[in-house]
Each structure stands twice: as C-alpha cells, then as structure tokens.
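Nothing here was measured: the structure is a model prediction, and the numbers come from that model. Because only heavy atoms are used, hydrogens play no part in the values below, and waters and symmetry mates are left out as well, while side chains stay in. Counting starts at 1 for both ligands and their atoms, in listed order.
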Amino acid sequence: MTAQQRIRDLTLQLNRYAREYYTLDAPTVPDSEYDRLFRELEALEAEYPQFRLPESPTQRVGGAVLDGFETVVHAVPMLSLNNAFSPRDYDTGAFDHAEFLAFDERVCKELGVAQTEYAVEPKFDGLAVSLLYQNGILVQAATRGDGTTGENVTENIKTVRNIPLKLHGDTLPEMMEVRGEVLMLKADFAALNERQLAAGQKPFANPRNAAAGSLRQLDSKITAQRKLHFFAYGIAQLAGIPRQPESHIEELALLGELGFSLPYGYFGVYTGAAAVLREYERLAEHRPNLPYEIDGMVVKVNSLAEQRQLGFVSRAPRWAVAHKFPAEEALTTVEAIDVQV
Ligand code: NAD
C-alpha cells in the first residue's frame, strides 16, 4: 500500500471513529487504538504533507453539533491538546518520558530559558464545556462541538449541582467565561448502570460516555436524574474585575473563590521537567483511588504572558500538553453501549 493510500484509509477510519465518539457518544474502539492510528497518520502527514486531506482529523477539533440543539459560536475557540505518552516498561515499571521531555525542550527553547514553571492538574476524562457568566449569573453553557461551534446546553448544565448559578463573593466580574470538564463520578456511574440494568436497559460503556450522553439530552429532566459533576480548569474571557490573573494557578485560585470545584490535592505549580515528572508518577499511582476517571495529567506553562508568547498551532496550544497515562482500558462492552442522545 502506498503512503497516499494509507493516509486516505486512516483519515476515513479515524473520522468514522471520531463521529462515533464525539457525535454519537458510542465509540467502537478503545481510546488507545484511536490514539495509535492518529499518531500513525500524524507521522505519515509529516513525511508526506502533499497527501494530507483537508478533512484530516489532525487538522480538526472534536465532532459535529447534534440536530435539535441550538448552536453557540465560541468567542474564543475551544481547542484540543497535544499528547505526550510515557510508555512503561513492564519488567522494571519505569516510564519512558522522552515525549514529555521533548515538549519541555521546545517550550524552553522558544522562551529562551533553561527551565520554566508549569501548572499541572488532572486530565479529567469527561467532556469540555464553556460557561458564560454576566454580572455573576450563569447565562449560557455550551459544549465544545467542533471547537468553533458548540451545542447550547444551558438548561442541562443548570441541573449540575456543583456549578454555581450565581458566583460567590462580593466583587464579581462583569463577564467571565469559564472552561472545564463535565464528568460522572465512578460511584454515580456504577449506580446509574445498576439502574439501567434493573430497568432492562443497556449499561453505558464508561463514565465519559455516560456523562456526554447525559449532558447532550434534549430533555433536561433526564440530565437532572443523572448525577453530573463539574471541575473548572481555566478562564477564557474575563472583564470588569479589579485585577486580572497573571498565571494559570491564579486563574484556578480565582475560580475556587468564585465557587467552582477544583481537584484539591492534585494541582500545583512545579519548576522544571524533573519536578513535573515526579508529580506525574505520584498522580499515576493515585489514579485508581480518585473518585473520577482521569487519563493523564495536563501540564500548562504557568505564566499567561509566556502562554501568549508561545501561542497555538492548528488545533492545540503550544504551551500545554496532555501527558497521558499508559492505557488501562479495553472496550469490552462495545455492544452494550446505550446511545442516549
Ligand atoms: P483530548 O481529550 O486529547 O484533550 C483536550 C481535552 O482535554 C479538552 O477539550 C478538555 O475537554 C480535556 N481536559 C481534561 N482535563 C483538562 C484540563 N485540566 N485542562 C484542559 N483540558 C482538559 O482531546 P480530544 O481532541 O477531544 O480527544 C482526543 C482523545 O479522545 C483521543 O486521545 C482519544 O483518546 C479520544 N477519542 C477516542 C475515540 C474512539 O473512537 N475511542 C475517537 C475520538 C477521540
């Protein structure tokens, strides 16, 4: 098979998987398989850029908007993240962090520094949403969609109990757009699947699909019956506040003060790659004990000025990386997925 044919086949196959995953909330292959094929396509496209197709998944974010939802055009695009994998040696248990180290090297080179400060936090395995507050009141919520246009899920989001409908505190921003992840806690997922089985309905494949299927319901009463949870991880727009945050960690602190849930005990600032990697290994060890699923750690350059200096590539920021954990999932329940959208 020629490189051109392989690129065409991979593009078709990955676009089908992406539609099943993002639009239908019903994946048919494990994420690790999707990631493997995605990387093969990225490598081939880098070698043969003349064969890259305009509809290549490497050039796009997420999936399509479902019929039935009003759409929201994002004022600031909702991007993806580039990945760094750390394969583990089964005999010694040692991680190979070469990909993360290459990310750190690129960042430091671009910034002209020997080392920099990173904010690290869990990579929540749910779905991204944007929440818009005006004068402290939640006025709009949207899914990421294709990164440019998302689904208006305001009514559904209002049923998520740990999302403040009104921000806490005395000095509220005139306008703020919060970004974060909606997910289902492992215990709530297990209880939901028990109820599904007891009612003679099919169980959900995993908490991520259950969360996505529950949030993207046309009837918000169904969303209200599913226990969803929200963790904030960033601010996309902020106006009318005495002092603007200057770092990612200051953004998180502000979000905490305004009433958002943060992953306490699992986020912080670390200087240099070695300190970040120690935190990665700690988080990988704690992963099974967390009440929610995570598939890695997100590492972001902490200074917002440095983030601006680094900028973006087509579908992801250059100042952040999703440092993924080795795959632990296998999609054993494909046929049992209930697509409730
Ligand atoms: P991603 O999950 O690789 O990274 C971007 C997303 O990370 C953001 O949109 C946000 O939702 C999330 N995120 C979680 N915690 C965050 C934090 N602390 N800070 C910032 N963002 C955070 O993005 P993607 O492009 O949506 O998905 C790609 C992944 O989805 C693939 O790596 C693959 O594993 C999976 N996928 C699987 C299939 C399949 O068929 N199984 C198909 C498509 C995609």
Side-chain angles (χ1 to χ4, degrees), residues 10 13-39 41-42 57-64 74 76-85 118-130 142-147 150 178-183 205-209 211-212 215 229-236 248-249 251-252 255 260-263 266-268 283 290 292-302 307 312-317 319-334 337:
L10 283 169
Q13 194 177 1
L14 285 164
N15 280 344
R16 179 159 58 80
Y17 292 154
R19 184 178 133 70
E20 290 165 351
Y21 181 88
Y22 294 114
T23 310
L24 306 177
D25 297 322
T28 56
V29 291
D31 290 356
S32 50
E33 172 70 359
Y34 179 88
D35 291 341
R36 194 181 61 74
L37 297 173
F38 192 95
R39 296 212 131 198
L41 179 61
E42 270 183 330
T58 63
Q59 306 302 301
R60 301 192 315 178
V61 172
H74 299 300
V76 180
M78 293 184 78
L79 298 178
S80 183
L81 290 168
N82 287 325
N83 289 328
F85 293 90
Y118 291 108
V120 308
E121 60 202 309
K123 184 169 187 300
F124 305 104
D125 203 5
L127 73 157
V129 295
S130 140
T143 61
R144 188 178 71 172
D146 65 5
V178 177
R179 299 274 170 91
E181 197 89 344
V182 167
L183 50 81
N206 55 48
R208 191 222 164 260
N209 293 115
L215 185 65
H229 215 80
F230 177 80
F231 283 105
Y233 56 62
I235 299 178
H248 181 70
I249 212 77
E251 283 190 354
L252 291 187
L255 288 166
F260 291 95
S261 299
L262 300 173
Y266 296 101
F267 67 93
L283 196 55
L290 291 176
Y292 44 82
E293 295 218 330
I294 62 173
D295 58 346
M297 182 171 96
V298 184
V299 184
K300 300 172 182 172
V301 169
N302 189 35
Q307 288 188 6
F312 298 86
V313 284
S314 64
R315 60 189 285 284
W319 44 263
V321 73
H323 192 178
K324 294 265 184 113
F325 293 138
E328 65 175 12
E329 105 275 46
L331 197 76
T332 49
T333 47
V334 171
I337 297 170

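Counting heavy atoms closer than 4.0 Å to ligand 1, residue Tyr21 contributes side-chain atoms (C-beta onward) but none from N, CA, C or O.
Below 3.5 Å of separation, one finds an N or O of Val29 facing an N or O of ligand 1. The shortest N or O to N or O distance between Tyr34 and ligand 1 is not below 3.5 Å. Taking any N or O of Asp35, backbone or side chain, at least one lies under 3.5 Å from an N or O belonging to ligand 1. Residue contacts with ligand 1: Val298 is placed with no nitrogen or oxygen under 3.5 Å of a nitrogen or oxygen of the ligand (distance criterion only). Below 3.5 Å of separation, one finds no N or O of Leu127 facing any N or O of ligand 1.
Contact between Pro122 and ligand 1 is present, with at least one heavy atom of the residue lying under 4.0 Å from the ligand. Heavy atoms of Phe38 come nearer than 4.0 angstrom to ligand 1 in no pair at all. Residue contacts with ligand 1 do not include Glu20, since none of its heavy atoms lies under 4.0 Å from the ligand.
Remark: among candidates Gln13, Arg16, Lys324, Glu181, the nearest residue to atom 11 (O) of ligand 1 is Glu181, based on non-hydrogen atoms. Considering each of Arg315, Lys123, Arg19, Arg208, the one bringing a non-hydrogen atom nearest atom 4 (O) of ligand 1 is Lys123. Comparing Glu33, Lys300, Arg60 by heavy-atom distance to atom 19 (N) of ligand 1, the nearest is Lys300. Closest heavy-atom approach to atom 9 (O) of ligand 1 among the candidates Arg144, Glu121, Arg179: Arg144.
Side chains of Asn15 and Arg19 form no contact here, defined as non-hydrogen atoms less than 4.5 Å apart. Proximity of His323 to Val120: side-chain heavy atoms (C-beta onward) are nowhere separated by under 4.5 Å.
The environment of Arg39 atom CZ is dense: over 12 non-hydrogen atoms of other residues, nucleotides or ligands sit within 6.0 angstrom.
With no hydrogens or angles considered, a side-chain donor-acceptor pair links His248 and Glu121 at under 3.5 Å. Counting only N and O atoms by type, the side chains of Glu20 and Thr28 include a donor and acceptor under 3.5 Å apart. For the residue pair Arg208 and Tyr21, a side-chain donor N or O sits within less than 3.5 Å of a side-chain acceptor on the partner.
When each of Phe267, Tyr292, Phe260 is checked for a ring pair (Phe, Tyr, Trp, His ring centres under 6.0 Å) with Phe231, only Tyr292 meets the rule.
Looking only at heavy atoms of the protein, atom 15 (N) of ligand 1 is closest to Phe124 N, 3.1 Å. Among protein heavy atoms, atom 28 (C) of ligand 1 sits closest to Tyr22 OH, 3.4 Å. When only non-hydrogen protein atoms are considered, atom 21 (N) of ligand 1 lies nearest to Tyr233 CZ, 3.4 Å. Atom 25 (O) of ligand 1 has as its closest protein heavy atom Ser80 OG, 2.6 Å.
A distance of 12.5 Å separates CZ of Arg144 from OG of Ser130, quoted to the nearest 0.5 Å.
Near Ala128, meaning under 4.0 Å from any of its heavy atoms, are these atoms of ligand 1: 9 (O), 10 (C), 11 (O).
Of all non-hydrogen atoms in Ser80 and Val61, the two that sit nearest each other are N-CG2, 3.9 Å.
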(Q) Applying side-chain contact (heavy atoms from CB on, under 4.5 Å) to Val182 and Phe124, what does each step give before you reach the verdict? (A) CA-CA 9 Å; Val182 167; Phe124 305 104; over 6 Å; no

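Aromatic rings from Phe85 and Phe325 are positioned such that their centres are separated by 6.0 Å or more.
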